[in-house]
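All of these numbers come straight from a predicted model, not from anything done at the bench. Every heavy atom of this structure was used, including side-chain atoms; hydrogens, water molecules and symmetry mates were not. Every chain is numbered from 1 and lettered A, B, ... according to where its sequence line falls, protein lines coming before strand lines.
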Amino acid sequence: MNDGLLDIVLQRLAVVALPDEAADLLLAALDGDQALAAQLDADAGAGAGTGERYAPTQSTGSGPEPVGAYLQSLTVSGFRGIGPAATLDVYPAPGLTLVVGRNGSGKSSFAEGLEVLLTGTLMRWSAPGTPVVFKEGWQNKHATGDIEARAGFLIEGMGKATVARTWPGGADIAGSSSWLQVAGQKRRPVDGLGWGSALSTYRPFLSHAELEAFFGRPSELHDLLASVLGLDELTDAAARLNAARKQRDEMLNDVKRRLEPLRERLAAVDDERARACLAALKGRTWDVEAARSAAVGGAAADSGPLAPLRQLAQLSRPADAEVTSAAAAARAAADGIEAIAGTSAGQARSLAELLDAALRHHATHGDGDCPVCGQAGALTTQWAQATREHLSRLRDEAKIAEETARAARAAADQALALLRQPPPVLAESAAGSVAGVDVKPARDAWRAWATPPAGAAAGLTSPAGLRELAGHLETSAIELSDAITTVSAAAAAELTRRDDQWVPLASDVASWCADAEPAVRASQPVKALKDARTWLNDATADLRNDRLAPLADQARKIWSRLRQESNVDLGAFRLSGIANRRALELDVTIDGTPGAALATMSQGEVNALALSIFLPRATMAASPFRFLVIDDPVQAMDPAKVDGLAQVLHEVAASRQVIVFTHDNRLATAVRTLSIPATILEVTRRPRSAVEIRPCLDPIRQALKDARDLKKDTNVPEGVARRVVPGLCRTAVEAAFTQAFWWRELSAGHARATIEAQLAASPHSLTRVAALAMFGDPDEGGRVLPALDRWGKVHADTYRALNKGAHEPYAGDLAGLISDSRGLAAKIGERLP
Amino acid sequence: MTPEQLLAAARELITRPDAAIAGVWPRTAALLARQALEEAVDSRWASGPETGPMRQAAMHSQLICLPAYLDSALAHQVAYTWAALSNACHYHPYELAPTSGELTAWISDVATLTSCIQQSA
């Protein structure tokens, strides 16, 4: 941004503090849309306050001085009062030019021709209520061929440039084509001048109609002045901050609007997920993350029936294959026991135990009688030998019985292992139902299954016990399976019912969450954005009035010249308010009493006040227009105010090319009687709209006319005349050289400031001004006389006489000096146009 | 009469409520103020060796010559005030007489100019 403004903002930030985040946004907004967007993104990424401070962009300078343009000629044909082409030539230098002519002479057509040429339209047409007849009558009835307005300008740094706008015959006012041609270059579009916004900001045209409308709407008056104060960058930045804030507010408001119906729907559903969402989204600050995970089924804290229902839906019971194989094993074991019962294999074990005991007895007690049957001498060594062999055989047989018993135990264990207790979801549901699903049959079935048969108490490894166990397994498994299938199906159905209700709601919650998250994030900097904008608005208001002060001072000075005896006092100006309430507050008092002064002012006073405000605005240093066109400012003005106006215009003309169109003789008279140097042109219109322009007076003629008048007045003493007349002649020739210098320098594209400085450095020195005009160098005075000699000896003699006459009374022929001076001035105009 | 006496008379005309001069006083006062200014210019001419006869010259000629004998800004101011007063003391059709405010301002201008001219002599 503009460094000057940036410095002001930074200085003010040091005094009127703003939180870091808001200050950074403010500086970014001053750098443009992209910088603001980037800063907001950076804040969102880094978390406000942790990011680096924003570094404002320094521009490459406070902008070049505006390029000044002077009007040189204006040719209008077929437009309004002008038929065949008529040309208004004006000297492209600071000075006052009056174009006088009767109403209907075509002079306003020149003023409007220039306006329409540069702006493409006429401001007075855009005023509401403009009669159609004005808009339609813009083409001259006597025009033949195309309608054209063409102006020649001398522009600093560019030199001579021509701008033209042409309408084919019968075209609409908007149907024009225009071009710009800088001398020696190709034609190009007019915007090559870069005057676009300056034309409205510094508007170098002012007509009576505009003066009257000046106080139309307070907001318009506000804009007229606000636009020249160079604070657009600040107001643009404020608008940017506001737009960013608004967009973020809208995002959040949209999310808020959608939340209320969502809350109602969540409240209407009996579902713990809905309750979890509702809990996360109640109040003003939401836990969007919790709401989302509840919606999409992440880790929700389950306290409701969903978990048991899901468990019920997926209950697992002992597999049929396991049950079948356990039952078969039990039966096989029972069969095995029964098969060896009563067989040798069955007896072998008990006999082996008996014989083993007998052998141990024999080993302890030696040979003896049989302790069982009492047969004497039965236990002998031979007996022992034979019995040992017998015992070994018996033991082989007993092993089979042992294995059968082990198999029976294993079968019983296998069966018992299947008889697990019911899972917690069945065992713990004391109420007997889960979310309307009856779990009692399943629980009972499972408990029955888990209880071993009563008969087995006698001994699970007995064949009878094993058989009973097998039977239990087979019958209970079927009952259990039926009960589990029933309860799982019921739970699954309930789950489905709940999901049917929940899934669409959950997806709505999820999509709301998806929008809410960025909206909440986006709304973080809203307060900072608001703070920054308020700060900027305050700063702009203060700056505006600071910058308005010098303009208001100038306006007051002009007003004091124009008001004459008016009892209306112009005090301070203030630009106040924003948006629709913006207005220019004028501290206008009547006889020291503040009030609705504007309402009680006469039209003449209002015009004068408007002019007081318009002139400083149109002559701001930043305006590229060194010319100023005023159309009929004198209407409704008191005679004393006309004198004041002439004085004011004279002052403005010291640095501006002021062109005034007037139908009123009073301004021309005032200029003449007040001896204000001016060029006066008269416009007349013959039948068929043939407009002619005749020069009446200019500073050269004026000085020479004064000299002649003085010469003719026989009452003026000879000595006085010989002193004064050469001075007047010299003034005329100096004026001619000065004009020539302006033309020479501007045509070469040189800068106005340099031209003015060179002239200011050569006050009252005919030699230096002549050297400037002829050679562009004030120190080349020595070359002036030889050059004039080449133009003609008489010119060199005149120049010498004028230089001499400044120091001593002129001894020669005064009448001759006057006419020679006129000849020299004309020659200068001819040779150095 | 001296310029000071003429100006005092002009001021009196403006402030005195007198039916006899009703309607006439504004232009009369302007005339008196203009005479005061002319007197001051005359006194400037009288003070120089070669300029004495200038008082017989047309006022237009006198005003043209003034810048050669006075500070040029002062001379311009004299010409401006003289033209304004001159305008005011003639009866222009459809133009109204100057107001008391305007006249008072001019009279004080003339008083200032008169003393400046006298000091420069």
Taking C-beta and beyond as the side chain, do A/Val720 and B/Trp45 meet within less than 4.5 Å on heavy atoms? no
Is it the side chain or the backbone of A/Glu718 that comes within 4.5 Å of chain B heavy atoms, both, or neither? neither
Return the CD to CZ distance between B/Glu50 and A/Arg723, rounded to the nearest 0.5 Å. 5.5 Å
Interatomic distance, CG@A/Asp706 vs CD1@B/Ile64, rounded to 0.5 Å, equals 3.5 Å
Proximity breakdown for B/Ala105 and chain A, heavy-atom pairs closer than 4.5 Å: neither
Distance check, rounded to the nearest 0.5 Å: B/Leu63 atom CG versus A/Asp709 atom CG? 12.0 Å
Out of A/Gly719, A/Ala721, A/Ala707, return the one with the most heavy atom pairs under 4.5 angstrom to chain B. A/Gly719
So does B/Ser61 get a backbone contact from the side chain of A/Asp713, meaning a donor-acceptor N/O pair under 3.5 Å? no
Residue selection (most heavy-atom pairs with chain B, distance under 4.5 Å) from A/Val725, A/Val716, A/Thr669: A/Val716
Which one of B/Ala58, B/Gly48, B/Ala79 has the most heavy-atom pairs closer than 4.5 Å to chain A? B/Ala58
Could you tell me whether a side-chain N or O of A/Asn715 sits under 3.5 Å from a main-chain N or O of B/Gln56, the two making a donor and an acceptor? yes
SG on B/Cys65 to CG on A/Leu728, rounded to 0.5 Å: 7.5 Å
Under 4.5 Å between any side-chain heavy atoms of B/Tyr80 and A/Ile676, yes or no? no
